[in-house]
Amino acid sequence: MVIVRLPVLPRHFMDSETITPDNDRRRWIALVVVCLAMLMNVLDTSIVNVALPDIQKDLGFTQASLTWVVDAYLITFGSFLLMAGRLGDLVGRKLVFLIGVAVFTLSSAVCGFATSQSMLIAGRFVQGAGGALSSSVILAIIITEFPEKLERAKAMSAYIFVAVGGGAVGLVLGGIISQSINWHWIFFINLPIGVATFFLGRILIDENVGLGLRTGIDVVGSVLVTVALMIGIYAVVSVPQYGWLSAHTLVTGGIAVVMMAVFFVIEGRIANPIVPLRILRLRTLMSTSVIRAFLATGMFSIFFLGALYLEHVLHYDPLRTGLAFLPVTLVIAGLSTGITARLVDRLGAMRVLLPGMLSMVLGLLYLSHAGLHAHYLTDILPAYVLIGLGAGTAFVPLLTIAMAEVPKDDAGLGSGIVNVSQQMSAAVGLAVLSTLATNKSDGLIKAGHAVTSSLHSGYQLAFLVAAGCVATGLVLVPVLLRGSAHMEAMSDEDRLELEALTV
């Protein structure tokens with residue numbers, strides 16, 4: 001490659017507006033607005049779990065059909081992320097964000113007023129699509145609004161606090177609402193937040209100049225990638241019901257793989273693809289997606305399997321279960337006040353990422369040794385503090401590295417890829433861990449062991465494997481991100497010039 005020295009910065013560093021005091025205040029308030037939207041999306045992946053027994057009793061769900069209350073949301077949320085992110089690049093991220101918030105809020109009302117199984121499940125399908133539209137462009141909005149390194153790290157810390165810590169908040173709110181009012185209000189709570197987010201977002205968020213639809217939109221590619229992801233996620237979330245090697249899982253999973261292969265062939269041959277293949281050549285974006293997959297598997301197993309452990313083994317009620325997770329949220333909240341951002345700015349992303357992932361490994365290992373009659377203060381709390389420290393210090397530098405090389409015009413698509421990698425890995429990881437825990441417990445029960453002790457052994461195995469997943473990601477960091485570590489050692493001027501040559 002011939003290197004030519006460029007006197008100007010790359011395009012994606014040039015077109016951010018001049019920062020005035022008024023504009024500075026506006027963009028920090030706008031950050032709060034987009035984080036409110038993210039909070040609604042995250043809450044709905046955890047708050048519903050606590051209310052499932054009440055929903056089942058009220059609407060007459062069977063145990064098998066009840067899973068659709070959760071799966072309907074996950075399927076559409078994960079499958080629309082890539083298309084929604086690219087639409088933000090093409091027609092404007094603010095527009096896509098506002099449409100997503102509106103759809104999510106209206107469908108929340110439908111879910112809250114649901115009087116039948118079909119009405120609730122339909123509402124959850126639409127709710128997931130609205131959540132995908134709004135959340136797919138949030139990272140792109142953040143990196144556009146905050147081009148300076150330290151400020152971007154602070155903004156991403158706030159985003160991580162909501163994206164990760166919001167799961168624990170959902171468990172607390174779910175327990176409080178279910179026990180004090182009724183399950184309908186876990187959806188009604190979104191209405192005032194959604195309305196405020198929509199109108200504040202309309203005022204405060206700056207619209208990017210979209211690439212436009214002058215050359216048309218890749219309809220075939222959009223449909224293919226969305227349907228492929230939808231079928232793939234459905235195959236994963238139905239594993240607990242059918243099994244990994246069942247005909248149902250193999251056929252649906254195979255169809256998804258074939259459709260994705262056809263999608264990439266088409267994208268490489270047309271002039272205006274919905275997913276330009278150049279984005280897949282950004283090594284840090286792709287490498288961090290692999291590492292994030294292992295990290296998300298460990299992190300999100302805590303909120304689902306950890307809640308089941310507290311309820312089924314230690315016999316916590318829903319409210320106490322939710323409160324037990326508060327230390328995770330509080331630790332992440334403390335780090336998001338600027339501590340992680342300053343560490344990344346002073347030490348570099350890699351030097352913050354590695355200890356963060358190690359802390360999460362240690363927390364999961366500690367939790368895997370919690371006994372059948374574990375005491376919260378000595379056996380659970382230290383693990384949750386370590387996990388909170390790990391999440392609060394690992395996800396931010398990983399995001400920083402992931403988005404560092406993404407051109408501004410493709411920021412929405414890059415944001416979508418980050419979200420898809422996290423959602424898919426969390427879904428696959430949870431399905432694998434749940435299967436391992438179930439098989440272990442069922443085998444012990446059939447062998448004559450007590451139900452509670454059998455469940456405990458299954459959860460212990462799941463936490464141990466989750467620790468192994470994060471440890472695998474930790475080992476891969478210096479291997480996959482070696483180039484990123486080299487870039488961090490360069491001066492800002494040289495790094496920007498190198499990016500100008502490689503974008």
Side-chain angles (χ1 to χ4, degrees), residues 1-4 6 9-15 81-90 93 136-137 139-140 143-144 147 208 210-211 215 217-218 220-222 224-226 228-229 232 257 259-294 349-350 353 397-425 473 476-490 494-503:
M1 179 177 63
V2 178
I3 296 180
V4 181
L6 301 178
L9 295 177
R11 178 183 173 188
H12 57 287
F13 283 92
M14 292 178 59
D15 52 4
L81 282 169
L82 275 183
M83 184 179 70
R86 191 54 176 170
L87 282 177
D89 295 333
L90 297 176
R93 294 165 198 140
S136 65
V137 294
L139 272 179
I143 68 170
T144 302
N208 63 297
L211 298 175
T215 56
I217 187 169
D218 178 15
V220 174
S222 300
L224 267 176
V225 71
T226 302
L229 286 171
V257 170
M259 291 185 71
M260 285 299 292
V262 173
F263 165 74
F264 283 119
V265 170
I266 292 175
E267 298 301 277
R269 295 181 177 180
I270 62 177
N272 59 322
I274 193 74
V275 178
L277 297 187
R278 66 177 179 273
I279 197 79
L280 303 181
R281 292 193 289 270
L282 297 178
R283 189 172 63 84
T284 52
L285 180 63
M286 295 296 105
S287 297
T288 53
S289 295
V290 175
I291 296 166
R292 188 179 298 104
F294 291 105
M350 292 284 284
L353 172 62
L398 199 59
L399 274 177
T400 301
I401 296 169
M403 299 299 289
E405 295 179 350
V406 178
K408 191 172 182 180
D409 287 343
D410 294 330
L413 180 58
S415 176
I417 290 173
V418 167
N419 280 297
V420 166
S421 70
Q422 185 159 302
Q423 291 297 320
M424 286 293 290
S425 57
L476 290 175
V477 167
V479 177
L480 298 180
L481 300 181
R482 185 177 299 132
S484 298
H486 176 67
M487 284 185 68
E488 286 194 59
M490 299 170 63
D494 290 340
R495 184 169 63 252
L496 292 177
E497 221 170 294
L498 177 61
E499 288 176 351
L501 297 170
T502 55
V503 168

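- Note that OG1 of Thr284 and CG of Leu398 are 10.0 Å apart. Values are rounded to the nearest 0.5 Å.
- Of all the heavy atoms in Leu285 and Thr288, the pair that sits closest is O-OG1, 3.0 Å.
- Rounded to the nearest 0.5 Å, atoms CG (Leu87) and CZ (Arg93) are 12.0 Å apart.
- The distance from atom CD1 of Ile266 to atom CE of Met259, rounded to the nearest 0.5 Å, is 9.5 Å.
- No side-chain heavy atom of Met260 sits less than 4.5 Å from a side-chain heavy atom of Leu224.
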**OP:** Kindly determine whether Arg292 and Leu399 satisfy side-chain contact (heavy atoms from CB on, under 4.5 Å), including the steps that lead there.
**Re:** CA-CA 9 Å; Arg292 188 179 298 104; Leu399 274 177; 4.2 Å; yes
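- When all heavy atoms of Leu480 and Arg283 are compared, the pair lying nearest together is O-NH1, 2.7 Å.
- Residues Ser136 and Ala84 come closest through the heavy atom pair OG-CB, 3.2 Å.
- Atom CG of Leu81 sits about 11.0 Å away from atom CD1 of Ile417, to the nearest 0.5 Å.
- When side chains are defined from C-beta on, Met350 counts as touching Ile401, because their heavy atoms get closer than 4.5 Å.
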